[in-house]
Amino acid sequence: MRRLVIVLSAAALALAGCGGAPFPASGASAEDRAVEEARNAADKAGDRLYSSRVWPARDVAHRAAGLDGVEVMKVTGTSTAGRGMRLVLRTSGTGSAWGESEPVTVTRCFELSFSTTTEWHRYGTREVACPPGAPMTFEPWPKTPRIPDERLARALPRVPSGGTVDEAEVRAAVASLRLDPKIGVDVRKEGNVVGVALTARPHPYLDDAPACTLARVAPGRTSTWTPGRAQRMPGEGGCDAGSAIHPQPPPH
């Protein structure tokens with residue numbers, strides 16, 4: 001009999017270790033587990049919003065509203081500076097427990113705090129009563145201005161082979177486009193080559209590469225192109241006039 005008990009116990013342990021047990025062996029109810037999952041969702045949202053920089057509170061809330069499975073119910077404070085700001089987020093979670101036939105899904109609200117001194121994954125997350133009413137809504141983020149690639153290509157001068165590139169003429173061609181003030185312009189000359197970079201950066205909270213068009217004016221050839229996304233990412237240095245003068249090879 002003792003041998004049989006030992007064999008059965010070993011089999012049970014093996015089953016649990018292989019994921020055979022449908023629920024963890026603890027006393028938490030299905031609702032407890034669902035609430036914990038909802039809390040984890042709020043914390044993960046906090047990780048996505050985390051920044052040591054100063055941001056307007058409404059921008060932080062706007063960013064939160066764009067996260068999957070997250071609704072913004074309330075925002076308190078004006079920015080992450082000083083004492084910071086607080087967000088109330090509504091999330092959901094699903095949990096199961098031994099002895100309960102059906103999974104339980106709950107919706108809960110959690111308050112998170114953000115400031116320039118907030119530490120990663122430490123947002124003082126606490127469950128609160130959900131404020132009445134519908135979740136907050138926001139206007140779309142400002143659109144990134146479009147760079148007129150084709151007009152730039154037509155406006156730039158063509159210098160014959162053996163000729164001299166005039167930087168002032170290139171600058172005048174770019175100025176004639178009357179670009180949106182939000183488009184950055186970088187013009188530089190090295191030797192007998194002039195490089196041009198036009199950049200339009202998305203809203204700082206949008207996770208995207210800036211729009212960028214490069215142009216190179218040299219004797220015998222004027223060319224324009226858009227570098228690959230990897231080269232356009234911040235810190236890669238692929239979107240300035242120097243990159244137009246000395247084009248980077250395409251990524252492998």
Side-chain angles (χ1 to χ4, degrees), residues 47-56 58-68 79-81 116 138-252:
D47 291 343
R48 295 286 302 275
L49 302 172
Y50 173 82
S51 175
S52 59
R53 295 174 56 186
V54 175
W55 290 102
R58 191 164 181 84
D59 280 1
V60 179
H62 190 169
R63 176 77 185 280
L67 300 177
D68 290 340
S79 77
T80 57
T116 53
F138 302 86
E139 293 294 326
W141 294 106
K143 290 185 177 180
T144 302
R146 181 182 176 279
I147 297 175
D149 304 37
E150 296 179 357
R151 290 174 54 211
L152 174 66
R154 290 194 299 266
L156 291 173
R158 269 63 177 170
V159 180
S161 298
T164 300
V165 179
D166 185 347
E167 180 181 353
E169 186 179 0
V170 174
R171 289 184 178 276
V174 174
S176 71
L177 300 176
R178 300 184 180 277
L179 297 170
D180 187 308
K182 295 179 181 178
I183 296 177
V185 178
D186 184 19
V187 180
R188 189 187 316 166
K189 184 175 184 180
E190 288 187 18
N192 200 22
V193 177
V194 172
V196 178
L198 304 183
T199 54
R201 301 191 178 280
H203 191 278
Y205 246 138
L206 299 182
D207 185 19
D208 200 5
C212 172
T213 296
L214 299 180
R216 187 176 190 271
V217 181
R221 184 177 183 182
T222 294
S223 53
T224 61
W225 71 96
T226 297
R229 188 176 189 279
Q231 295 180 6
R232 290 184 281 122
M233 292 302 292
E236 294 300 320
C239 281
D240 59 15
S243 300
I245 296 171
H246 306 286
Q248 297 182 20
H252 297 291

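Side-chain contact between D186 and V196 is absent, with no heavy atoms from C-beta onward closer than 4.5 Å. A heavy-atom distance below 4.5 Å is not found between the side chains of D166 and P157. Taking 4.5 Å as the limit, every side-chain heavy atom of L152 sits out of range of all side-chain heavy atoms of I147. Taking 4.5 Å as the limit, every side-chain heavy atom of D149 sits out of range of all side-chain heavy atoms of T224. Residues T164 and V159 fail the side-chain proximity criterion, which asks for heavy atoms closer than 4.5 Å. Under the 4.5 Å side-chain criterion, counting only non-hydrogen atoms from C-beta, N192 is in contact with P219. Using a 4.5 Å cut-off on side-chain heavy atoms (C-beta onward), D59 and W141 make contact. Side-chain contact between V165 and V193 is absent, with no heavy atoms from C-beta onward closer than 4.5 Å.
Of the possible polar contacts, one joining the R216 side chain to the I245 backbone as a donor-acceptor pair under 3.5 Å is found. Using modelled atom types, no side-chain atom of R48 and backbone atom of L67 make a donor-acceptor pair closer than 3.5 Å. In this structure a side-chain-to-backbone donor-acceptor pair under 3.5 Å is present from T80 to W55. Remark: side-chain polar atoms of R151 are paired, donor with acceptor, to backbone N or O of L177 under 3.5 angstrom.
Shown here for L156 and A215, the closest heavy-atom pair between the two residues is CD1-CB, 3.5 Å. Of all the heavy atoms in R201 and P210, the pair that sits closest is NH1-CG, 3.6 Å. Scanning all heavy atoms of the two residues, the minimum distance from S161 to G220 falls at OG-CA, 3.5 Å. In plain terms, the two heavy atoms of K189 and E167 that are nearest each other are CB-OE1, 3.5 Å. Of all the heavy atoms in W225 and A244, the pair that sits closest is CH2-O, 3.6 Å. Considering all non-hydrogen atoms of both residues, C239 and T199 come closest at O-CG2, 3.6 Å.
Summarising the local packing, CZ of R158 is surrounded by more than 12 heavy atoms from other residues, nucleotides or ligands at distances under 6.0 Å.
Rounding to the nearest 0.5 Å gives a distance of 12.0 Å between NZ of K143 and NZ of K182. Taking CG of D240 as the start and CG of L214 as the end, the distance is 8.0 Å to the nearest 0.5 Å.
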